Amino acid sequence: MALNDIWVFAQGANGTPTTGTLELLTKARSLGGTVSAFVVGDGTAIASALGEYGAATVYATGDLGG
């Protein structure tokens with residue numbers, strides 16, 4: 001079963017994606033379709049690693065502090 005769009009909530013720690021995030025991306029990639037990752041905060045540090053695990057696009061909220 002192929003899905004068109006799959007979104008993964010990605011988390012990072014110390015500039016690297018968490019193991020759970022990488023596992024979710026791997027599973028999402030196996031389902032087919034386009035995989036996108038959503039990061040709360042600055043996703044710059046982990047964006048390339050997310051791409052290596054299948055995220056075609058990484059969206060980040062940036063700093064939400066007021």
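Fair warning: this is a prediction, and the values are worked out from it, not measured in the lab.
Among residue pairs with one or both ends in residues 9-18, those qualifying as side chain to side chain donor-acceptor pair (under 3.5 Å) are Thr18-Thr21; sequence neighbours excluded. Residue pairs meeting the side chain to side chain donor-acceptor pair (under 3.5 Å) criterion with at least one partner in residues 44-61, sequence neighbours excluded, are Asp42-Thr44.
Applying the side chain to side chain contact (heavy atoms under 4.5 Å, CB included) rule to Ala47 yields the partners Val58; only residues at least two apart in sequence or on another chain are considered. The ring pair (Phe, Tyr, Trp, His ring centres under 6.0 Å) test applied to Phe9 returns no partner, not counting sequence neighbours. Every residue two or more places apart in sequence or in another chain that forms a side chain to side chain contact (heavy atoms under 4.5 Å, CB included) with Ile46 is listed here: Pro17, Val39, Leu50.
Side-chain contact between Arg29 and Thr26 is present, with at least one heavy-atom pair separated by less than 4.5 Å. Counting heavy atoms from C-beta on, the side chains of Ile6 and Thr34 never come closer than 4.5 Å.
Of all heavy-atom pairs spanning Gly54 and Val35, the tightest one is O-CB, 3.4 Å. Listed here is the closest heavy atom pair of Ala28 and Val8: CB-CG2, 3.9 Å.
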